[in-house]
Amino acid sequence: DQALTIATPPPAGKVLLVGAGPGDPGLLTLRGLRALNEADVILVDRLVSPAVLSLARRDAQVIDVGKARGGPHESTQARIHALMVSYARQGCCVVRLKGGDPMVFGRGGEELQHLKRHGIAYEVVPGITAALACGAYAGIPLTHRDHAQSLTLATAHCRTGAAKPPDLASGDGRTRVYYMGVERLPALGARLLAEGHAADLPCALVENGSRPGQRTLHATLGSVVEAARRHAIQSPALVIVGEVAALGMDLAWFGETLRPASSDTLRRLAVA
Ligand code: SAH
């Protein structure tokens, strides 16, 4: 019969990139807990604590994709990419569980780029990153009005063979995240330009981050003040300055993304 020839669409699976936090299950988010309860498949890293994993749905399939110390990282990463795509295409809810936060030294960016290339839907659930957990649990304020006005999260490791020499024209390899009122944006922009940062350095303003009504405005250091005024960006908003900011134009999955009408730099970086 005719009805029998109609193909059923493939089931729509998705991948949730979930931050497990530093280990204490009390530091997992409620959203992360819900994801662990909805998961059909959980791809788990070595750093994830057993206490967090024990909160997962009992009949979820747990696959250990942890990288052995000194093991072949690239092949393990390729396997993780392949597993995520394959299970999602079978219609599964896949949780990719990572220690700390998935977007801080967790290869979350590479995994999202892979999913995006393969047309797989995704969400990201942040976790408490080691820097924040260690600061809190060691009684070390990471900022203090009398002592420290800036925070840079850095790693000692580089991607093998891909260590980029610093190129000040396109950024110094640093991401700067500014917590501040929007009214201070003009002064900040002027200061960064005066310090010698390139006018085409990407930056993003995230207004109402993670809330209903989130808007992310993409611009360059040279254009962000005018763009923020034009879009009437309001506090609360966070400013992220650095090449990584442009990746959000491609990888965004939540809220509204405001892209510049024209900027060769941003388009080049977004597909990098
Ligand atoms: N995505 C993780 C970081 C992964 S890189 C995060 O956001 O925390 C792994 C490094 O993070 C470790 O080598 C260690 O330096 C640090 N780290 C992760 N969990 C930690 C913990 N509970 N205590 C101290 N350092 C931790």
Side-chain angles (χ1 to χ4, degrees), residues 15-33 35-36 39 42-56 62-81 83-84 94-115 122-143 148 150-164 173-177 179 204 206 209-210 238 240 242-245 247-248 251 253-254:
V15 176
L16 305 176
L17 213 61
V18 177
D24 178 346
L27 295 179
L28 178 70
T29 64
L30 292 176
R31 232 187 143 76
L33 181 61
L36 286 178
I42 304 174
L43 304 177
V44 63
D45 269 356
R46 189 172 49 85
L47 261 181
V48 173
S49 84
V52 169
L53 203 53
S54 73
L55 299 172
V62 177
I63 303 176
D64 182 355
V65 295
K67 300 168 189 89
R69 222 178 274 277
H73 274 219
E74 296 314 320
S75 63
T76 350
Q77 196 61 38
R79 176 171 167 250
I80 293 167
H81 287 176
L83 287 171
M84 289 192 302
V94 181
V95 164
R96 172 72 178 107
L97 189 63
K98 292 166 172 286
D101 180 90
M103 308 293 254
V104 179
F105 307 127
R107 297 206 178 195
E110 291 166 51
E111 291 175 12
L112 291 192
Q113 285 169 325
H114 187 80
L115 295 171
Y122 56 75
E123 293 178 22
V124 185
V125 181
I128 293 183
T129 191
L132 304 189
C134 294
Y137 278 56
I140 300 168
L142 300 179
T143 69
S150 120
L151 167 66
T152 304
L153 304 183
T155 177
H157 303 282
C158 285
R159 189 180 178 149
T160 329
K164 272 203 272 175
R174 243 207 257 184
T175 301
R176 293 169 168 83
V177 182
Y179 300 61
V206 186
S210 86
L238 193 80
I240 302 173
E243 286 190 28
V244 294
L247 296 175
L251 297 177
W253 61 275
F254 183 79

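Scope of the values below: all heavy atoms of this structure, side chains included, with no hydrogens, waters or symmetry mates. Whatever order the structure lists them in is the order used to number ligands and atoms, beginning at 1.
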Distance filter under 4.0 Å to [X] heavy atoms, resulting ligand 1 atoms:
X	answer
C134	23 (N), 24 (C)
T129	6 (C), 7 (O), 8 (O)
L47	4 (C), 9 (C), 18 (C)

Closest protein heavy atom (residue, atom, distance) for [atom]:
atom	result
atom 16 (C) of ligand 1	A130 CB, 3.9 Å
atom 5 (S) of ligand 1	F105 O, 3.6 Å
atom 22 (N) of ligand 1	P22 O, 3.2 Å

Any non-hydrogen protein atom below 4.0 Å of [atom]?
atom	answer
atom 10 (C) of ligand 1	no
atom 13 (O) of ligand 1	no
atom 3 (C) of ligand 1	yes

Interatomic distance, [X] atom [atom1] to [Y] atom [atom2] [nearest 0.5 angstrom]:
X	Y	atom1	atom2	value
L132	L151	CG	CG	7.5 Å
M103	L112	CE	CG	4.5 Å
K98	L43	NZ	CG	9.5 Å

note = From the list E111, E123, R107, side-chain contact (heavy atoms from CB on, under 4.5 Å) partner of L17 resolves to E111
query = In a check of side-chain contact (heavy atoms from CB on, under 4.5 Å) between D101 and each of V125, T129, V18, L153, which one passes?
reply = T129
query = Do E110 and H114 have side-chain N/O donor and acceptor atoms under 3.5 Å apart?
reply = no
inquiry  = Below a 4.0 angstrom heavy-atom separation, can you tell me which part of T155, side chain or backbone, both or neither, approaches ligand 1?
reply    = neither
Polar proximity ligand 1 side, [X] side, N/O cut 3.5 Å exclusive:
X	value
G99	yes
I128	no
G100	no

key: A133 to ligand 1, any heavy atom closer than 4.0 Å   = no
request  = Kindly indicate whether the side chain of L115, heavy atoms from C-beta on, has any atom under 4.5 Å from the side chain of W253.
outcome  = no
key: Backbone N/O of L47 and side chain of D45: donor-acceptor pair under 3.5 Å   = no
request  = Go through the steps for D24 and Y137 under the test side-chain contact (heavy atoms from CB on, under 4.5 Å), then give the verdict.
outcome  = CA-CA 11 Å; D24 178 346; Y137 278 56; 3.5 Å; yes
